[in-house]
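First comes the structure, then the notes that go with it.
Since this is a predicted model, take the numbers as computed values, not measurements. We name chains A, B, ... by the order of the sequence lines, and we start the count at 1 in each one.
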Amino acid sequence: MNSALTAIRASIVLMLLCGLIYPLVTTGAAGVLFPKQAKGSLIEVNGQPVGSELIAQDFASPKLFHPRASNAKYDPTASAGSNMMIASEDYVKSIQEKIDALHKENPSLTDIPADLVTVSGSGFDPDLSPEGAKAQVPRISKASGISEQDLNALVDRLTKSRQLGVFGEPRVNVLEINLEMLKMVQKP
Amino acid sequence: MGMGFIQVALTLVIIMLLVKPVGTYMVKVFGQEKTWLDRIFGPGERLLYRLMGVRENEAMGWKKYVGAILASNFVMMLLLYLVLRLQGSLPLNPDGIGNMGAAQAFNTAASFITNTNWQSYSGENGLSYLSQLLAITFPMFTSAATGFALAIAFIRGLVGRQDNLGNFYVDLVRSITRIFLPLSFLVALFLVFQGIPQTFQGAVDVTTLEGAKQTITRGLIGSLEAIKHVGTNGGGWFGTNAAHPFENPTPLTNMVHIVCMMLLPTSLVYAFGLMIRNKKQGWAVFTAMGLIFLVMLSVIFVSEYRGVAALDAAGVHGNMEGKEVRFGISESALFTTVTTAATTGSVNNMHESLTPLGSIVPMAEMMLNNVFGGKGVGLLNGLLYLILSVFICGLMVGRTPEFLGKKIEGKEVKLAAIALLIHPFIILAPTALALATNAGTSSISNGGTHGLSEVLYAFTSGAANNGSAFAGLNANTDFYNIGIGLVMLFGRYISIIAMLAIAGSLAVKRVVPVTTGTLRTNTPLFTGILIMIILVIGALTFFPALALGPIAEHLAMPH
């Protein structure tokens with residue numbers, strides 16, 4: 001009986017310590033130290049939030065850089081990754097179709113950037129590989145009138161290198177590059 | 001591939017550098033002698049003991065220790081179940097989430113109390129903030145601490161002279177106050193610095209550049225992510241887990257996640273060597289686990305870089321399906337190997353979309369269940385294999401098998417056999433049942449051999465208390481919620497009872513002096529035997545199932 005009571009008391013005490021006090025203290029400290037990140041790295045334009053730096057959004061206009069395909073339809077209230085079975089004829093065929101579509105926009109492409117023809121793991125991959133961004137340049141240039149040279153230079157400028165020079169892969173944030181591009185268009 | 005190799009190697013070096021200091025610290029935490037730690041943590045801990053009604057100096061024999069584990073875990077599981085069932089009417093629910101159904105709440109409570117973190121729900125639309133705190137973050141601490149306490153108690157049995165395994169509640173509290181809480185707090189702050197949200201505010205509506213509405217869900221994610229990996233738990237705030245940019249925003253958070261997962265399981269093996277006063281023995285076990293780990297890592301690394309041959313010819317190199325650009329192939333392969341070795345179960349890429357050979361790696365690691373393994377439990381599984389190896393070697397050379405001077409006899413071997421055999425049984429029997437019934441097969445999303453892998457993976461993940469998934473399987477049905485829920489509970493508690501029974505039995509045995517006739521268990525030769533025994537038993541048990549699933553799929557791959 002005594003040991004049952006101890007089990008109950010211990011469970012409740014630890015629930016309050018680990019389940020409430022710890023996250024509360026962490027939230028307080030994080031909010032003071034890193035307020036922007038703690039709220040979701042939101043990006044504002046003219047005082048209005050237009051998205052999060054970390055969450056991909058759907059860009060369909062040919063004038064903009066397109067993010068990677070999403071199984072969640074870019075809806076953060078229902079995340080979903082790719083659950084494609086890759087060792088199948090159907091998969092190879094579906095990728096081949098995407099490659100053909102890409103070739104139509106950019107006939108000179110030889111190596112296909114893998115991120116452009118596959119579905120992301122999270123549904124919100126905010127990045128493209130630099131090659132994946134550059135592969136879209138001919139289409140964007142044609143639609144927006146910005147020269148390919150300027151667009152390629154923009155990709156190079158916004159490419160984030162590996163962290164600490166070692167970790168991860170080089171990447172371009174899609175929302176960031178589209179915002180920069182809109183600024184270029186608006187300039188007289 | 002070159003840079004990929006370098007970052008993987010560098011991460012492993014960081015882990016190796018931490019093993020000794022952290023292992024040494026662990027021994028201090030659980031030691032009987034007074035240390036400087038008591039001055040810092042003692043007052044707070046004594047307050048906790050008073051609130052809990054725990055007598056700090058009370059010693060527990062193995063039965064009492066098991067009893068305390070089961071009683072406390074039962075109460076906690078009940079609390080989790082209640083929170084989930086009532087979350088709709090409880091506070092801290094900014095996104096207006098409703099109550100969870102009975103079968104799913106049972107599955108989730110079982111999942112988190114057993115350190116599995118299998119998720120048949122998606123956090124962003126299935127849990128309130130209060131549930132994420134009380135039903136998810138809280139058991140992430142206690143389930144990890146319970147595993148730790150179990151391992152420490154077992155080691156005390158190995159070296160002890162009487163049936164005194166320590167005090168469960170003291171071990172539980174100390175591992176939380178001296179290891180998990182401080183470490184998680186620091187890690188959480190770093191994660192938020194890198195971009196993980198940590199806020200009570202609910203979802204925020206934004207208007208995208210193209211004028212559409214996007215609802216961005218947030219929460220107290222940093223504090224959850226930290227203990228999720230420090231405690232090798234693995235349950236994510238979101239459905240897509242550590243692939244989600246809010247759970248794993250940068251390559252650095254990815255590296256920290258990986259180091260956190262491996263830190264305590266690897267250090268515990270070193271601590272084991274210190275506690276039994278035989279460092280060589282600790283390193284012998286470490287080497288066996290480490291070698292298997294490296295082989296697994298190499299297989300998935302190469303396989304994912306090779307991708308699908310037919311696509312490679314078309315100009316698409318490597319397999320990026322279900323992976324994130326910031327991690328690429330190397331960081332994804334490493335994460336998958338680590339998360340199933342340390343039985344964490346979080347994923348930063350979708351395992352369902354791995355190459356067939358790549359997908360064998362997470363499955364095989366969960367099937368062996370001792371490549372470092374989860375908090376405490378992995379070491380114990382390794383030691384069970386070690387006991388079995390000692391026994392088999394003893395039979396072969398005609399000597400009474402001994403380990404650390406204690407005779408291994410029929411009782412211990414029988415208990416070890418139970419603990420080892422229950423694992424394949426609760427994987428293969430439910431898999432067969434699921435494949436033979438409509439309730440089981442109707443959840444499969446991809447057909448053929450891959451569909452078999454989906455089901456096999458699910459029950460392997462549950463039995464190994466891992467929690468990762470081939471996420472195509474629709475696991476939110478009564479059949480899978482209850483089935484996997486039971487498998488998780490059996491997988492955890494049957495082996496806990498068997499292991500502590502072995503500890504209790506060994507603890508009261510007389511120590512036999514070492515002679516020239518003693519079988520040395522800390523030599524390279526014995527490490528080799530241990531690896532062989534692990535692989536042979538694993539292969540004999542699981543090879544047929546793997547042959548029908550990923551191996552058949554690989555052979556039929558389009559060229």
Side-chain angles (χ1 to χ4, degrees), chain A residues 3-4 6-11 13-15 18-19 22-23 26-27 29-30 34 37-41 49-52 54-55 57 76-79 81-87 89 92 95 99 110-112 114-115 117-118 120-127 129 163 166-169 171 178, chain B residues 7 51-53 71-72 75-76 124-125 133-134 137-138 141-142 169 188 192-193 195 197-199 206 208 214-218 220 223 238-240 243-245 249 251-252 255 308 310-311 314-316 318 320-326 328 349-350 352-353 356 446 450 471-472 553 557-558:
Chain A
S3 60
T6 308
I8 294 171
R9 282 167 67 178
S11 300
V13 169
L14 290 176
M15 189 180 220
C18 305
Y22 155 70
T26 309
T27 309
F34 316 110
Q37 292 97 313
K39 290 201 180 86
S41 307
V50 296
S52 164
L54 294 171
I55 303 290
Q57 44 184 262
T77 63
S79 70
S82 168
N83 285 312
M84 203 78 88
M85 162 169 83
I86 67 158
E89 300 289 352
V92 171
I95 298 291
I99 295 174
T110 47
D111 267 0
I112 309 295
D115 51 322
V117 292
T118 50
S120 71
S122 60
F124 315 108
D125 193 339
D127 302 313
S129 66
Q163 264 181 314
V166 182
F167 293 105
E169 303 290 327
R171 57 211 163 102
N178 281 334
Chain B
Q7 49 188 301
L51 292 170
M52 296 174 176
S72 61
V75 173
M76 288 177 201
E124 64 270 32
N125 51 36
L133 299 182
L134 296 187
T137 307
F138 154 60
F141 281 93
T142 53
Y169 289 106
V192 177
F193 161 61
Q198 178 76 26
T199 175
V206 302
T208 69
Q214 191 182 35
T215 303
I216 296 176
T217 46
R218 307 180 284 185
L220 297 94
S223 51
F238 300 99
T240 48
H244 197 297
L252 270 189
M255 192 269 280
V308 183
L311 290 174
V316 185
M320 276 300 284
E321 187 69 36
K323 295 187 178 65
E324 300 277 294
V325 167
R326 60 196 179 283
N349 67 98
M350 294 297 120
E352 178 115 27
S353 299
N446 284 304
H450 196 81
E553 197 186 346
M557 220 155 117

Quick one: which of [options] has the most heavy-atom pairs under 4.5 Å with chain B, could you say?
{"options": "Met84(A), Met15(A), Arg171(A)", "result": "Met15(A)"}
{"options": "Pro126(A), Ser120(A), Ala38(A)", "result": "Ala38(A)"}
{"options": "Ile55(A), Asp125(A), Thr26(A)", "result": "Asp125(A)"}
{"options": "Pro76(A), Ala87(A), Ala7(A)", "result": "Pro76(A)"}
{"options": "Thr77(A), Asp115(A), Asp127(A)", "result": "Thr77(A)"}

Heavy-atom contact with chain A under 4.5 Å, split by part of [X]:
{"X": "Met255(B)", "value": "side chain"}
{"X": "Asn446(B)", "value": "side chain"}
{"X": "Tyr169(B)", "value": "side chain"}
{"X": "Thr215(B)", "value": "both"}
{"X": "Leu252(B)", "value": "both"}
{"X": "Gln214(B)", "value": "side chain"}
{"X": "Phe238(B)", "value": "both"}
{"X": "Val308(B)", "value": "side chain"}

Considering only heavy atoms from C-beta outward, does the side chain of [X] approach that of [Y] to under 4.5 Å?
{"X": "Pro245(B)", "Y": "Arg326(B)", "result": "yes"}
{"X": "Met52(B)", "Y": "Leu14(A)", "result": "yes"}
{"X": "Ile112(A)", "Y": "Val117(A)", "result": "yes"}
{"X": "Glu352(B)", "Y": "His450(B)", "result": "yes"}
{"X": "Thr199(B)", "Y": "Leu220(B)", "result": "no"}

Is the closest side-chain donor-acceptor distance between Ser122(A) and Glu324(B) under 3.5 Å? yes
Can you tell me which of [options] forms the most heavy-atom pairs within a distance under 4.5 Å of chain A?
{"options": "Thr217(B), Val192(B), Thr142(B)", "result": "Val192(B)"}
{"options": "Arg218(B), Glu321(B), Gln7(B)", "result": "Glu321(B)"}
{"options": "Lys323(B), Met557(B), Glu553(B)", "result": "Lys323(B)"}
{"options": "Gly195(B), Gly328(B), Ala71(B), Ala188(B)", "result": "Gly195(B)"}

Working to the nearest 0.5 Å, report the span between CD1 of Ile216(B) and CD of Glu124(B). 13.0 Å
Please classify the contact of [X] with chain B as side chain, backbone, both or neither, using a heavy-atom distance under 4.5 Å.
{"X": "Thr110(A)", "value": "backbone"}
{"X": "Ile99(A)", "value": "side chain"}
{"X": "Val13(A)", "value": "side chain"}

What do you reckon, are the aromatic ring centroids of Tyr22(A) and Phe138(B) less than 6.0 Å apart? no
Going by the rule side chain to side chain contact (heavy atoms under 4.5 Å, CB included), which residues pair with Ile8(A) if we only count those two or more places apart in sequence or in a different chain? Ile12(A), Val75(B)
Looking at Thr240(B), is its backbone amide N or carbonyl O close enough to the side chain of Ser79(A) to form a donor-acceptor pair, meaning the two atoms are under 3.5 Å apart? yes
Trace of the side-chain hydrogen bond (donor to acceptor under 3.5 Å, both in side chains) decision for Ser353(B) with Ser82(A): CA-CA 7 Å; Ser353(B) 299; Ser82(A) 168; 3.3 Å; yes
With side-chain contact (heavy atoms from CB on, under 4.5 Å) as the criterion, how do Lys39(A) and Gln198(B) come out once you've worked through the C-alpha distance, each side chain's angles and the decisive distance to 0.1 Å? CA-CA 7 Å; Lys39(A) 290 201 180 86; Gln198(B) 178 76 26; over 6 Å; no
